[in-house]
Structure formats: C-alpha cells, structure tokens
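The structure appears below as structure tokens.
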Amino acid sequence: MHKKTFLMILSVLLFTTVFLLPAAGEPSHAHSPQSFTDVSSDYWGRQYISFAAEVGIIQGYRLEDGSYQFRPDNPVSKEESMQMLYKAVTNSGIGPAFSPDLPAKYETELREAGIAQWAWECVSYGLENGILEAK
C-alpha cells in the first residue's frame with residue numbers, strides 16, 4: 001500500500017473514531033475505561049486516552065497487581081499501531097468482521113516477519129483487508 005493511501009485510510013479512521021463514535025452513544029463493545037496508574041489527572045492527553053479505552057481501542061499494559069499502565073512516553077510499535085487501527089475499525093462497525101481462520105492463513109508471513117503472537121489477529125486482519133502488505 002502506498003504511503004499516501006495509508007495516510008488517507010488512517011485519517012478517515014481517526015476522524016471516524018474521534019468525531020462519530022461519541023455521537024453514537026455508549027457502544028455495546030465498550031470496556032470500562034482503565035484507570036491507568038501512570039496517567040495523572042492533569043495529564044494533557046488524559047481525555048483522549050480515556051476515550052480510546054472506553055471505545056475499546058486501547059487496553060494498556062496489565063501489571064501483576066491487576067492495575068494498568070498506559071506508558072504515554074513509550075514509542076508505539078508497529079503491532080500496537082495495527083492493533084489500534086484494527087480495534088477502531090472492528091469496534092466501530094465500519095470494517096468487516098474478523099474471521100478466526102485468518103491467523104492460520106497468514107502464519108508463515110507472520111512468523112517470517114517476526115510479528116508478536118499477540119498481534120497475529122490484527123496483523124492478519126490488516127493483510128486480509130488490504131490495510132497492510134506482506135512486504
């Protein structure tokens with residue numbers, strides 16, 4: 001996929017997520033917003049982080065004590081980026097549903113690319129729907 005096409009798709013997804021989902025009310029797939037232990041009440045991005053957690057785009061990193069961290073200063077990995085896009089598309093209903101056989105279909109490509117196993121679902125979804133290319 002060309003960079004321009006990817007940026008256009010990303011822009012549409014972000015627009016949809018930020019502006020249209022809140023107007024639709026409480027979605028049935030929403031999770032309770034996590035109380036991220038590393039995001040203070042006066043952190044500039046707290047409302048965006050809370051929104052993304054509420055609509056199921058992010059979950060954060062679960063700690064051994066059951067609490068969650070967002071880690072706002074960490075860089076976002078390729079797998080995490082695709083996971084957020086995948087969750088935005090599937091949770092909003094604007095994209096096709098996930099098919100459970102996709103990870104098996106793309107297993108060779110996923111292994112060769114060194115994709116973390118937790119991300120196989122979202123990456124295989126991206127490959128199947130033209131969001132990602134195997135290159």
Side-chain angles (χ1 to χ4, degrees):
M1 177 177 297
H2 297 289
K3 184 177 180 180
K4 186 176 180 181
T5 305
F6 176 75
L7 291 175
M8 186 169 51
I9 291 170
L10 181 59
S11 298
V12 169
L13 290 174
L14 291 175
F15 175 82
T16 302
T17 301
V18 173
F19 293 106
L20 299 182
L21 282 180
E26 184 73 19
S28 61
H29 59 271
H31 302 291
S32 301
Q34 302 296 338
S35 197
F36 298 114
T37 60
D38 59 342
V39 179
S40 66
S41 60
D42 61 347
Y43 182 70
W44 70 268
R46 184 174 181 84
Q47 72 183 44
Y48 305 109
I49 294 166
S50 292
F51 171 75
E54 287 172 10
V55 297
I57 295 173
I58 62 168
Q59 289 184 314
Y61 299 92
R62 186 180 173 138
L63 304 177
E64 289 181 17
D65 66 0
S67 64
Y68 287 82
Q69 287 185 337
F70 179 70
R71 301 179 185 169
D73 296 324
N74 283 9
V76 177
S77 71
K78 293 181 282 188
E79 289 97 339
E80 290 168 332
S81 296
M82 188 58 222
Q83 178 76 353
M84 288 185 279
L85 287 171
Y86 167 67
K87 291 295 187 179
V89 169
T90 57
N91 288 354
S92 68
I94 63 173
F98 174 74
S99 174
D101 62 332
L102 290 180
K105 178 179 177 180
Y106 292 102
E107 183 174 355
T108 301
E109 292 92 337
L110 296 168
R111 287 189 188 281
E112 288 176 359
I115 303 299
Q117 195 161 6
W118 68 263
W120 282 19
E121 183 175 312
C122 66
V123 173
S124 62
Y125 180 90
L127 290 167
E128 183 72 9
N129 293 289
I131 300 168
L132 301 173
E133 290 182 354
K135 299 178 192 177

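As a basis for the values below, the full set of heavy atoms in this structure was taken, side chains included, without hydrogen atoms, waters or symmetry mates.
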Does atom CH2 of Trp44 have more than 12 heavy-atom neighbours from other groups under 6.0 Å away? no
Please say yes or no: joined through hydrophobic side-chain contacts below 4.5 Å, possibly via intermediate residues, are Leu85 and Trp118 part of one cluster? no
Check Phe70, Phe51, Tyr68, Tyr48 against Ile58 for a side-chain contact (heavy atoms from CB on, under 4.5 Å) and give me the one that passes. Phe70
Can you give me the closest heavy-atom contact between Gln69 and Phe36, atom names plus distance? C-CD2, 3.6 Å
Are Leu127 and Lys105 side-chain neighbours, meaning at least one heavy-atom pair lies under 4.5 Å? no
So, the side chain of Asn129 versus the backbone of Ile131: is there a donor-acceptor pair under 3.5 Å, distance only? no
Which value, rounded to the nearest 0.5 Å, describes the distance between Lys87 atom NZ and Ser92 atom OG? 12.0 Å
Roughly how far apart are Cys122 SG and Phe98 CZ, rounded to 0.5 Å? 9.0 Å
Which distance, rounded to the nearest 0.5 Å, do you find between the CD of Glu54 and the OG of Ser50? 6.0 Å
Residues Arg111, Trp120; criterion side-chain contact (heavy atoms from CB on, under 4.5 Å); working and verdict: CA-CA 9 Å; Arg111 287 189 188 281; Trp120 282 19; 3.6 Å; yes
Are any side-chain N or O atoms of Arg46 and backbone N or O atoms of Val39, one a donor and one an acceptor, separated by less than 3.5 Å? yes
Go through it in stages, so that I can follow the logic: the residues are Tyr125 and Thr90, the test is side-chain contact (heavy atoms from CB on, under 4.5 Å), and I'd like the CA-CA distance, side-chain angles, deciding distance and then a yes or no. CA-CA 10 Å; Tyr125 180 90; Thr90 57; 3.7 Å; yes
With no hydrogens and no angle check, just 3.5 Å: does a side-chain donor-acceptor pair link Tyr86 and Glu121? yes
First locate atom CD of Gln117, then atom CG of Leu110, and finally report the distance between them rounded to the nearest 0.5 Å. 9.5 Å
Whether Glu80 side chain and Ser77 backbone form a donor-acceptor pair below 3.5 Å: yes
Using modelled atom types only, decide if a donor and an acceptor are shared between the side chain of Ser99 and the backbone of Leu102 within a distance under 3.5 Å. no
Which distance, rounded to the nearest 0.5 Å, do you find between the CD1 of Ile57 and the CD1 of Ile49? 12.5 Å
pair Asp38-Tyr43: side-chain heavy atoms closer than 4.5 Å: no
CD of Glu107 to CD1 of Ile115: how many Å apart, nearest 0.5 Å? 13.0 Å
Indicate, with yes or no, if Ile94 and Met82 share a hydrophobic cluster defined by side-chain heavy-atom contacts under 4.5 Å among Ile, Leu, Val, Met, Phe, Trp and Tyr. yes
So which atom in Asn91 and which in Gly56 form the shortest heavy-atom distance, rounded to 0.1 Å? ND2-O, 3.0 Å
